[in-house]
Amino acid sequence: MTAPPPNDDLNPAARNGEDDSPADPTAARRHFVRQAIDADLEAKRFDAVRTRFPPEPNGYLHIGHAKSICLNFGLAKELGGSCNLRFDDTNPSKEETEYVESIQEDVRWLGFEWDELHFASDYFEQLYAWAEKLVTDGNAYVCDLTAEQTREYRGTLTEPGRDSPGRSNTPAENLDLLRRMKAGEFQDGEKTLRAKIDMAAPNINLRDPVMYRIAHINHHRTGDAWCIYPMYDWAHGQSDSIEKITHSICTLEFEHHRPLYDWYCDKLAIHHPRQIEFARLNITYTVMSKRKLLQLVRENYVSGWDDPRMPTLVGLRRRGYTPESIRAFCADIGVAKFNSTIDVVRLENAVREHLNEVAPRRMAVLDPVKLTITNWAEHGSDVEMMAAVNNPGDESAGSREIPFSGSLWIERDDFKEEAPRKFFRLKKGGAVRLRAGYIVDCHDVVKDSAGNITEILCTYDPQTKSGEDSSGRKVKGTIHWVSCDHATEATVRNYDRLFTAENPDSPAEGKTFLDYLNPDSLSTTTAMIEPELAAAAAGDRVQFERLGYYVVDADSRDDALVFNRIVGLRDTWAKIASKNPPKGKK
RNA sequence: UACCCCGUGGUGUAAUUGGCAACACAGCUGGUUUUGGUCCAGCCAUUCUAGGUUCGAGUCCUAGCGGGGUAGCCA
């Protein structure tokens with residue numbers, strides 16, 4: 001048993017970290033939770049660090065949970081402690097086994113392994129025994145008020161509450177009533193067990209909070225064994241205590257539950273963990289509430305919990321995010337009590353940074369237009385194999401051979417008949433480097449009757465072969481391509497942000513978050529891809545040169561590849577182009 | 001208009017606990033580059049306000065202002 005010191009204040013002034021050597025670069029990076037734990041260890045309040053991640057199995061985990069997971073498991077790892085996974089399954093009307101499984105998968109996918117796996121429902125027997133103790137000690141009573149009456153009696157934020165008639169029952173009467181509640185003698189809602197604290201407390205959580213409610217519902221683990229179920233406050237801290245958790249880390253909205261958390265542990269005189277609250281994660285251009293995510297799924301705004309546009313872990317996984325990048329993101333954003341919103345570019349940047357190191361480069365043309373090399377006949381053979389490096393930043397990634405021919409697909413965007421001064425790609429009368437190929441000069445274009453360009457005619461410069469250029473020519477631009485005869489088709493799903501508003505959670509008058517759904521959050525196209533990609537398997541991540549990072553989707557088949565855009569490359573040209581809007585022409 | 005928490009560049013987090021406001025991202029300049037990617041260099045702050053204590057305040061004190069949370073038999 002560990003009694004808490006009187007001062008649980010986490011204000012900076014009250015912090016008392018260990019005396020870190022200033023030379024330790026990580027010392028400055030320690031967030032307030034870490035500092036509090038360091039201080040507790042120093043003060044011998046606890047002998048080790050034991051944390052837990054306590055999800056309710058009523059939905060899929062999202063990036064916000066990842067912050068909590070990284071915090072709890074990370075702290076345990078850093079400090080040589082332990083971290084449990086515990087399902088807070090005290091409300092059988094909302095919880096399902098499906099979620100229990102997905103949550104475990106998600107935690108493991110993120111790269112963490114729990115020391116012990118528990119369910120709050122495993123503690124129902126102990127919880128009940130403790131409830132009888134509180135009753136016997138005169139610290140809890142059975143209340144007859146209806147839900148409606150309970151609300152009325154509770155008072156308001158500015159007025160104190162009134163005592164429930166049950167408050168004057170004797171312990172013996174309460175014990176009898178509680179046992180009959182447990183035995184199923186009463187209907188749902190007929191009675192509750194309430195802690196006897198203070199109906200005038202300014203903190204409403206202390207106005208005789210409900211401990212047990214009656215619900216004749218089948219529980220996903222305990223079946224029909226129980227018809228009374230503990231409330232969060234009654235179950236959570238006690239579960240922490242049973243597991244000898246030292247630091248019970250939760251989000252800010254539980255801050256004024258802490259006095260109740262402490263009250264239960266004190267009255268029971270059991271191991272007393274310290275609850276510490278931090279600000280939950282908000283990210284721009286998305287929503288994080290389980291209710292809203294569920295609505296997006298149920299009403300088919302997305303294809304499911306694992307839709308690549310969802311901020312769920314299953315969604316991010318399918319989108320192609322790496323666990324490393326999510327962990328890096330969580331470490332990057334820090335932990336504090338200030339309610340902030342993180343710019344989604346931070347997340348995008350995290351995955352870009354990781355993939356830049358590990359994703360092999362490949363060429364794919366998403367919006368193909370044909371480029372014909374009119375002097376290719378001068379070349380000795382129809383096809384020439386070109387060496388292309390897999391990652392210019394990583395020599396060990398090696399290179400591959402790609403076929404080059406007189407008939408190529410290039411990106412429609414990479415050609416303009418008349419181009420602005422800063423356009424470094426191909427234009428009529430201009431030249432461009434074909435990546436890992438030759439420099440070509442454009443002399444003409446072919447158009448259909450509607451005036452659309454159907455073919456671009458170029459000559460190649462034999463002196464300019466990639467890697468053995470003897471021409472001395474310099475061109476401003478390099479573009480990607482694939483050989484028509486060697487390319488294969490693939491479906492490419494270009495995903496974008498799900499919402500157009502930075503904060504869909506605060507809609508304008510008369511609107512809802514659904515009014516800000518991005519109609520262009522998914523655009524699908526058929527791309528031409530280089531031969532090397534034919535062997536790509538689901539989950540493989542590559543960089544399509546000059547475009548972005550892509551992952552092979554689970555829907556992909558050997559004869560019908562599907563790629564998801566994880567994130568685009570940083571696009572400086574788009575910035576320049578948007579600053580100098582084209583005049584007149586489309 | 002009750003109680004609790006929080007205010008540091010555009011965004012987020014630091015500041016050896018009273019001693020030159022730092023790091024990252026974004027933005028802007030420029031350089032390198034066979035990806036307009038990567039990489040490199042530079043620029044970008046009256047620490048919410050007003051008083052006070054002090055040789056010295058982002059940090060301590062007082063008052064104000066602003067933001068968030070709380071009235072489930074949800075978690």
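What's counted below: heavy atoms across the whole structure, side chains too, no hydrogens, waters or symmetry copies. No experiment lies behind these values; they were computed from the predicted model shown. Proteins come first, then strands; the chains are lettered A, B, ... in the order of their sequence lines, and each starts at number 1.
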- Would you tell me if any nitrogen or oxygen in the side chain of A/Arg280 comes within less than 4.0 Å of OP1 or OP2 on B/A75? no
- Using the rule for Phe, Tyr, His and the six-membered ring of Trp, do A/Phe338 and B/G7 stack at under 5.5 Å and under 30°? no
- Query: Quick one: is A/Gln35 getting a side-chain N or O under 4.0 Å of the B/A15 phosphate, OP1 or OP2?
  - Reply: yes
- Item | Closest to side chain of A/Val345, choosing from B/G36, B/A15, B/A26 | B/A26
- Query: Within the structure shown, what part of the strands sits under 4.0 Å from A/Leu145 by heavy-atom distance: base, sugar-phosphate, or nothing?
  - Reply: base
- Within the 6.0 Å centroid threshold, strictly below: A/Tyr550 and A/Phe563: no
- Query: Under 3.5 Å, is there an N or O donor on one side and an acceptor on the other linking the side chain of A/Arg546 and the base of B/U35?
  - Reply: no
- For B/C20 and B/U47, measure between their C1' atoms and round to the nearest Å. 15 Å
- Task: Write down the distance separating the C1' atoms in B/U46 and B/G9, rounded off to the nearest Å.
- Result: 12 Å
- Heavy atoms under 4.0 Å, any strand shown: does A/Phe254 hit a base, just sugar-phosphate, or nothing? base
- Query: Between atom CG in A/Asn205 and atom C1' in B/G69, what is the gap in whole Å?
  - Reply: 11 Å
- Could you please name the option among B/A75, B/U35, B/U13 that lies closest to any side-chain atom of A/His257? B/A75
- Message: Using ring centroids (six-membered ring only for Trp), state whether A/Tyr99 and A/Tyr60 fall under 6.0 Å.
- Response: yes
- With respect to the side chain of A/His256, which nucleotide from B/G69, B/C74, B/G36 is positioned closest? B/G69
- Note on the structure: If pairing means Watson-Crick or G-U wobble with both distances under 3.5 Å, then the partner of B/C20 is none
- Message: Need one value for A/Ile342: base, sugar-phosphate or nothing, where a base atom within 4.0 Å counts as base even if backbone is also close, heavy atoms only.
- Response: sugar-phosphate
- Between B/G37, B/A71, B/C74, which one does the side chain of A/Arg361 approach most closely? B/G37
- Task: Assign A/Gly467 to base, sugar-phosphate, or nothing according to its heavy-atom contacts below 4.0 angstrom with the strands shown.
- Result: base
- Partner of B/C73 by Watson-Crick or G-U wobble geometry, both contacts under 3.5 Å, or none? none
- Complement of B/A63, any strand, by Watson-Crick or G-U distances under 3.5 angstrom: B/U49
- Item | Sugar-phosphate, base or nothing in reach of A/Thr284, heavy atoms under 4.0 Å | nothing
- Message: Tell me which nucleotide, if any, is Watson-Crick or G-U wobble paired with B/U1 when both distances must be under 3.5 Å.
- Response: none
- Query: B/A71 P sits how many Å from A/Glu253 CD, rounded?
  - Reply: 11 Å
- Aromatic ring of A/Tyr232 stacked on base six-ring of B/A75, 5.5 Å, 30°: no
- Message: Please report the distance, rounded to the nearest Å, between CD in A/Glu277 and C1' in B/C5.
- Response: 9 Å
- Message: Between A/Lys575 and A/Asp571 (salt bridge meaning N to carboxylate O under 4.0 Å), is one present in this structure?
- Response: no
- Report yes or no: is there a donor-acceptor pair, N or O only, under 3.5 Å between the side chain of A/Arg425 and the base of B/G36? yes
- Note on the structure: Among B/C25, B/C73, B/G36, the one nearest any side-chain atom of A/Ala147 is B/C73
- Message: By the 4.0 Å heavy-atom rule, please label A/Phe423 as base, sugar-phosphate, or nothing.
- Response: base
- Task: Could you let me know what B/A14 is paired to, Watson-Crick or G-U wobble, both distances under 3.5 Å, or none if it's on its own?
- Result: none
- Just name whichever nucleotide pairs with B/A57, Watson-Crick or G-U, keeping both distances under 3.5 Å, else none. none
- Item | Residue whose nearest RNA chain B nucleotide is more 5′ - A/Thr158 or A/Glu255 | A/Thr158
- Message: So A/Ile333, base contact, sugar-phosphate only, or nothing? Heavy-atom distance under 4.0 Å.
- Response: sugar-phosphate
- Message: Over all strands shown, is A/Gly189 touching base, sugar-phosphate only, or nothing at heavy-atom distances under 4.0 angstrom?
- Response: base
- Does the base of B/U34 carry an N or O that pairs as donor and acceptor with the side chain of A/Ser466 under 3.5 Å? yes
- Task: Tell me what A/Ser340 touches on the nucleic acid: a base, only sugar-phosphate, or nothing, going by heavy atoms under 4.0 Å.
- Result: sugar-phosphate
- Item | d(CD, A/Glu502; P, B/A26) in whole Å | 15 Å
- Query: Hey, do the aromatic rings of A/Tyr232 and A/Phe254 have their centres closer than 6.0 Å?
  - Reply: yes
- Across the strands shown, which category fits A/Lys474 at heavy-atom distances under 4.0 angstrom: base, sugar-phosphate, nothing? nothing
- Note on the structure: RNA chain B nearest-nucleotide lookup for A/Tyr549 and A/Ala336: closer to the 5′ end is A/Ala336
- Note on the structure: Winner on side-chain proximity to A/Arg433, out of B/C6, B/U34, B/C73, is B/U34
- Query: Across the strands shown, which category fits A/Asn91 at heavy-atom distances under 4.0 angstrom: base, sugar-phosphate, nothing?
  - Reply: sugar-phosphate
- Distance test, side-chain N/O of A/Lys575 to OP1/OP2 of B/G27, below 4.0 Å: yes
- Task: Using both distances under 3.5 Å as the test, list the Watson-Crick or G-U wobble partner of B/C39, or none.
- Result: B/G31
- Is the backbone of A/Phe186 close enough, under 3.5 Å, to the side chain of A/His216 for a donor and an acceptor to pair up by distance? yes
- Message: Within the 4.5 Å heavy-atom criterion, are A/Lys182 and A/Trp226 side-chain neighbours or not?
- Response: yes
- Enter the distance from A/Lys191:NZ to A/Tyr141:OH here, rounded to the nearest 0.5 Å. 13.0 Å
- Mind checking whether A/Val142 and A/Arg180 have side chains closer than 4.5 Å, heavy atoms only? no
- Distance check: side-chain N/O of A/Arg154 vs OP1/OP2 of B/C73, anything under 4.0 Å? yes
- Query: Are A/Trp573 and A/Phe424 near enough that their ring centres are under 6.0 Å apart?
  - Reply: no
- Which is true for A/Val335 with a 4.0 Å heavy-atom rule: it touches a base, it touches only sugar-phosphate, or it touches nothing? sugar-phosphate
- Query: Base, sugar-phosphate, or nothing for A/His480, non-hydrogen atoms under 4.0 angstrom?
  - Reply: nothing
- Message: Over all strands shown, is A/Pro392 touching base, sugar-phosphate only, or nothing at heavy-atom distances under 4.0 angstrom?
- Response: base
